[in-house]
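A quick write-up on the structure given underneath.
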Amino acid sequence: MPELAEVEYFSHQWDSGLGKPIRSVFLRGEKRIFRGGDPREIPIELTGRKLIGSTTHGKQMMFRFGGGHHLGIHLGMTGAIRAFETRTYDPAKHDHLVLYQAKRVLVFHDPRLFGRVRFSSGGPPNWWTDLPPEVLSAAFTQSALTEYLARHRGAPLKALLLDQDRFPGVGNWMADEILWRAELHPRRSGGSLNREESKRLWRETRQVCRMARKTISPNLDDPPSSWLFQHRWKDGGVCPRTGTGLVRETIGGRTTCWSPGRQPEPRG
DNA sequence: GGAGATGTTTCAAG
DNA sequence: GCTTGAAACATCTC
């Protein structure tokens, strides 16, 4: 499910637990979720520590605890963060991490195990500090994008937009939304864009990220019907701008939706 | 029963 | 060495 705006929404689900200590920790022990680390550290280090802050970066979430402990969560495709106001809670089938506080529980849930939990003691770890510039940061410049497109001149735009090292937080539906607004066919190659098209791509990438945060992050509401988002999954879906039929096909390894009336097929 | 799902990583081919 | 594409991961829903 989650792309940048949804990730922001989920990270706030634990806000009610800010400033309060963890009393105990439940681990399901699914190794895949904690790949690359040893989850047994988590109960040892977090018990008695307060949750003191949270932040997101693209699709990554980071929760800070007292004592310099950091918990990183990636939701993968089906992960979710939840909080329940309760004193007792039996972990559900796909709950992988449950942090018990005095009056609530903070839960990470993920049926498909594509999500990931990382843990680090002693300051922010490299996997957090070395993240690339966010799309809405000042470092995400037009010229950096142009340079990137030139380097990946053979790859389809759809595949490039899913590159988390360059477009952190952009996922499948956001990539389609960006290309639709920029009037660029998803199969256009990185090297085929002229100056004007490259500028449109840059502008719409930022615009979609900005609007997604504004509309989705507060309550996980769906975007308005003027977006491609609302029409892209429906068979027989119609482009809200041209009124003509939408097309779906796999590009860059993912289901891709576009409006042929608006996004002309590349030549050749 | 089969296909596909708003994601990332890894591996191999070009 | 770099770029690109496909498969693998595991479960649920339509």
Side-chain angles (χ1 to χ4, degrees), chain A residues 1-11 28-37 56-61 72-81 92-96 108-118 127-128 130-132 135 147-181 186-192 205 208-209 211-213 215-217 219-223 227-237 246-258 266:
Chain A
M1 197 172 189
E3 303 180 21
L4 149 152
E6 293 99 327
V7 169
E8 209 166 73
Y9 165 83
F10 279 116
S11 77
R28 178 157 305 285
E30 194 70 64
K31 268 169 74 182
R32 184 173 168 76
I33 289 289
F34 300 94
R35 53 195 178 275
T56 67
H57 183 117
K59 297 175 188 172
Q60 314 272 347
M61 293 183 285
I73 298 185
H74 191 295
L75 298 173
M77 208 114 120
T78 51
I81 293 277
K93 188 172 176 189
H94 300 295
D95 291 348
H96 300 290
F108 168 61
H109 178 95
D110 181 15
R112 213 170 149 187
L113 308 188
F114 285 7
R116 183 170 188 179
V117 175
R118 303 199 246 204
W127 46 259
W128 181 255
D130 294 352
L131 289 169
V135 169
E147 194 182 308
Y148 175 79
L149 292 174
R151 180 143 31 94
H152 300 275
R153 59 187 176 282
L157 294 178
K158 175 60 186 274
L160 296 183
L161 281 167
L162 296 174
D163 180 356
Q164 297 301 295
D165 286 335
R166 184 56 52 165
F167 305 95
V170 173
N172 202 30
W173 76 256
M174 286 179 74
D176 286 356
E177 193 78 37
I178 290 164
L179 293 170
W180 175 71
R181 285 169 190 270
R187 219 189 293 280
R188 287 282 300 277
S189 65
S192 74
T205 298
V208 168
C209 288
M211 293 193 305
R213 288 185 62 190
T215 41
I216 298 170
S217 300
N219 300 305
L220 210 58
D221 291 334
D222 278 351
W227 290 36
L228 177 65
F229 179 92
Q230 296 285 6
H231 311 268
R232 54 175 282 122
W233 297 116
K234 287 183 280 213
D235 282 335
L246 295 169
V247 176
R248 269 176 306 189
E249 203 177 302
T250 298
I251 301 176
R254 307 294 301 280
T255 300
T256 300
C257 177
W258 73 93

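Since we're looking at a predicted model, the values are computed, not measured. Throughout, protein chains are lettered first and strands after them, A, B, ... in sequence-line order, and every chain is numbered starting at 1. Basis for what follows: all heavy atoms, side chains included, without hydrogens, waters or symmetry-related copies.
- Distances were taken from every side-chain heavy atom of Thr255(A) (C-beta onward) to each of dA10(C), dG4(B), dC12(C); the shortest belongs to dG4(B).
- Atom C1' of nucleotide dA10(C) and atom CG of Leu75(A) are separated by 17 Å, given to the nearest angstrom.
- Not a single donor-acceptor pair under 3.5 Å links the side chain of Thr56(A) to the backbone N or O of Met61(A).
- Rounded to whole Å, atom C1' of dA5(B) lies 11 Å from atom CZ of Arg232(A).
- Going from atom CG of Asp110(A) over to atom P of dC12(C) covers 11 Å, rounded to whole Å.
- Atom CG of Asp110(A) is separated from atom CG of Leu75(A) by 7.5 Å, given to the nearest 0.5 angstrom.
- Shown are Arg187(A), Lys158(A), Arg254(A); of these, the salt bridge (Lys or Arg N to Asp or Glu O under 4.0 Å) with Glu249(A) is made only by Arg187(A).
- If you measure from atom CG of Asp165(A) to atom C1' of dG7(B), you get 14 Å, rounded to the nearest angstrom.
- Going from atom CE of Met174(A) over to atom C1' of dG7(B) covers 14 Å, rounded to whole Å.
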Going 5' to 3' through nucleotides 3-8 of chain C and flagging B where a protein heavy-atom sits under 4.0 Å of the base, S where only the sugar-phosphate is that close, and - otherwise, we get SSS---

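- Residue Lys31(A) contributes atom NZ, which lies 15 Å from atom C1' of dC9(C) at whole-angstrom precision.
- Taken from NE2 in His57(A) to CG in Leu4(A), the straight-line distance is 9.5 Å, to the nearest 0.5 Å.
- For the pair Trp233(A) CH2 and dT13(C) P, the interatomic distance rounds to 17 Å; values are reported in whole Å.
- For Arg248(A) against Arg232(A), the heavy-atom pair with the smallest separation is CD-O, 3.4 Å.
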Report task. Apply side-chain contact (heavy atoms from CB on, under 4.5 Å) to Ile73(A) and Phe10(A), showing your working. Result -> CA-CA 11 Å; Ile73(A) 298 185; Phe10(A) 279 116; over 6 Å; no

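- In plain terms, the two heavy atoms of Val170(A) and Met174(A) that are nearest each other are CG1-CB, 4.0 Å.
- The partner of dT11(C) is dA5(B), by the rule that a Watson-Crick or G-U pair needs both atom distances under 3.5 Å.
- Atom-to-atom distance recorded for Glu3(A):CD and Lys59(A):NZ is 5.5 Å, nearest 0.5 angstrom.
- The nearest whole Å value for the distance from the CG atom in Leu4(A) to the C1' atom in dG7(B) is 15 Å.
- In terms of phosphate contacts, Lys93(A) brings no side-chain nitrogen or oxygen within less than 4.0 Å of OP1 or OP2 of dT11(C).
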Every protein N/O within reach of nucleotides 8-10 of chain B N/O, cut-off under 3.5 Å:
unit_1 : atom_1 : unit_2   : atom_2 : d
dT8(B) : OP1    : His74(A) : NE2    : 2.8
dT8(B) : OP2    : Lys59(A) : NZ     : 2.9

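- For the OP1/OP2 pair of dC12(C) and a distance below 4.0 Å, the side-chain nitrogens and oxygens of His94(A) include at least one atom meeting the criterion.
- Under the 30°/60° scheme for interplanar angles, the aromatic rings of His109(A) and His94(A) are found to stand perpendicular.
- For the P atoms, the distance from dA10(C) to dC11(B) is 15 Å, rounded to whole Å.
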